[in-house]
Amino acid sequence: MPSASATASAEPTDGPAADGEQFTDEILTDLCVEKTRSYYSADVEFFPAEARIEARKVDPPWLVIVPSRTLGAESASVCTIGGTVSAPIFEANAAQTPPTDQEIQDAIDGVEHYTG
């Protein structure tokens, strides 16, 4: 499955789980949406087809950004995910305004702007 990001350089396949599953863009996107859904109002709409998945230079290895809209405003779910498919580990997760390119690069490099 190709990455949803135009700049992603790696396919999410690191760290096979005990059950043999590996992270995919779809799994990472679903995990981030599930983790952040309660941060939004009930009218939230997620756009998983527009998700951006980036391999990070630090652990956890995946940065996931899922665009959303709530209360008429653009927003995004942002997560850093590691672990395995059956036992994912979230270092950070947030519902926020869409991150800037610099914030995304900082998250890839390990300079966190997100708290969860």
Side-chain angles (χ1 to χ4, degrees):
M1 171 182 203
S3 175
S5 170
T7 61
S9 59
E11 179 88 11
T13 56
D14 290 2
D19 58 8
E21 277 193 89
Q22 295 182 332
F23 284 121
T24 63
D25 286 0
E26 182 177 6
I27 289 170
L28 288 166
T29 299
D30 289 347
L31 286 169
C32 189
V33 168
E34 287 175 31
K35 185 72 171 175
T36 60
R37 182 177 297 280
S38 66
Y39 302 163
Y40 293 96
S41 65
D43 76 334
V44 66
E45 182 180 5
F46 293 97
F47 303 101
E50 298 172 25
R52 180 173 176 172
I53 312 296
E54 295 285 352
R56 299 178 71 218
K57 297 176 182 176
V58 297
D59 282 329
W62 300 113
L63 171 64
V64 182
I65 303 166
V66 184
S68 57
R69 181 177 298 118
T70 188
L71 300 173
E74 299 298 314
S75 54
S77 290
V78 179
C79 303
T80 54
I81 303 174
T84 64
V85 173
S86 59
I89 297 170
F90 295 84
E91 179 180 276
N93 57 86
Q96 64 175 61
T97 57
T100 65
D101 288 340
Q102 184 60 56
E103 289 172 326
I104 293 168
Q105 188 59 54
D106 286 350
I108 291 168
D109 293 338
V111 179
E112 292 294 340
H113 292 275
Y114 313 107
T115 58

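Note that the structure is a prediction, hence the values are computed from the model and not measured. Computation of the quantities below employed the complete heavy-atom set of this structure, encompassing side-chain atoms and omitting hydrogens, waters and symmetry-equivalent molecules.
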Asker: From S68 OG over to E74 CD, what is the distance, rounded to the nearest 0.5 angstrom?
Answerer: 8.0 Å
Asker: Using 0.5 Å steps for rounding, measure from the CD atom of E34 to the CG atom of N93.
Answerer: 12.5 Å
Asker: Would a 4.5 Å heavy-atom cut-off, applied to side chains only, mark Y39 and Q96 as touching?
Answerer: no
Asker: Which value, rounded to the nearest 0.5 Å, describes the distance between W62 atom CH2 and E54 atom CD?
Answerer: 9.5 Å
Asker: Before giving the answer on side-chain hydrogen bond (donor to acceptor under 3.5 Å, both in side chains), spell out for S77 and Y40 the whole-Å C-alpha distance, their side-chain angles and the decisive distance to 0.1 Å.
Answerer: CA-CA 10 Å; S77 290; Y40 293 96; 2.9 Å; yes
Asker: Say you draw a straight line from CD1 of I65 to CD1 of I53; how long is it, rounded to the nearest 0.5 Å?
Answerer: 8.5 Å
Asker: Roughly how far, to the nearest 0.5 Å, is the CZ atom of F46 from the CG atom of D30?
Answerer: 11.0 Å
Asker: Specify the closest pair of heavy atoms between P60 and G82, including all atoms of both residues, with the distance to one decimal.
Answerer: CB-N, 3.3 Å
Asker: Using the rule that two of Ile, Leu, Val, Met, Phe, Trp, Tyr join whenever any of their side-chain heavy atoms come within less than 4.5 Å, decide whether I27 and F90 are in one cluster.
Answerer: yes
Asker: Assigning hydrophobic clusters by single linkage (Ile, Leu, Val, Met, Phe, Trp, Tyr; side-chain heavy-atom cutoff under 4.5 Å), is F47 placed with L31?
Answerer: no
Asker: CG of L28 to CG of L63: how many Å apart, nearest 0.5 Å?
Answerer: 10.0 Å
Asker: Would V78 and E103 count as a side-chain contact (heavy atoms from CB on, under 4.5 Å) here? Give the steps.
Answerer: CA-CA 11 Å; V78 179; E103 289 172 326; over 6 Å; no
Asker: Which pair of non-hydrogen atoms, one from C32 and one from I81, has the smallest distance, and what is that distance?
Answerer: N-CD1, 4.3 Å
Asker: Please tell me whether D101 and Q105 have a donor and an acceptor in their side chains that are separated by less than 3.5 angstrom.
Answerer: no
Asker: For A94 versus T36, what's the shortest heavy-atom pair and its separation?
Answerer: O-CG2, 3.8 Å
Asker: Any donor-acceptor pair under 3.5 Å linking the side chain of T80 with the backbone of A92?
Answerer: yes
Asker: Is atom CG of D43 surrounded by more than 12 heavy atoms (other residues, nucleotides or ligands) closer than 6.0 Å?
Answerer: yes
Asker: How close do Q22 and V85 get, counting heavy atoms only, and between which atoms?
Answerer: C-CG2, 3.4 Å
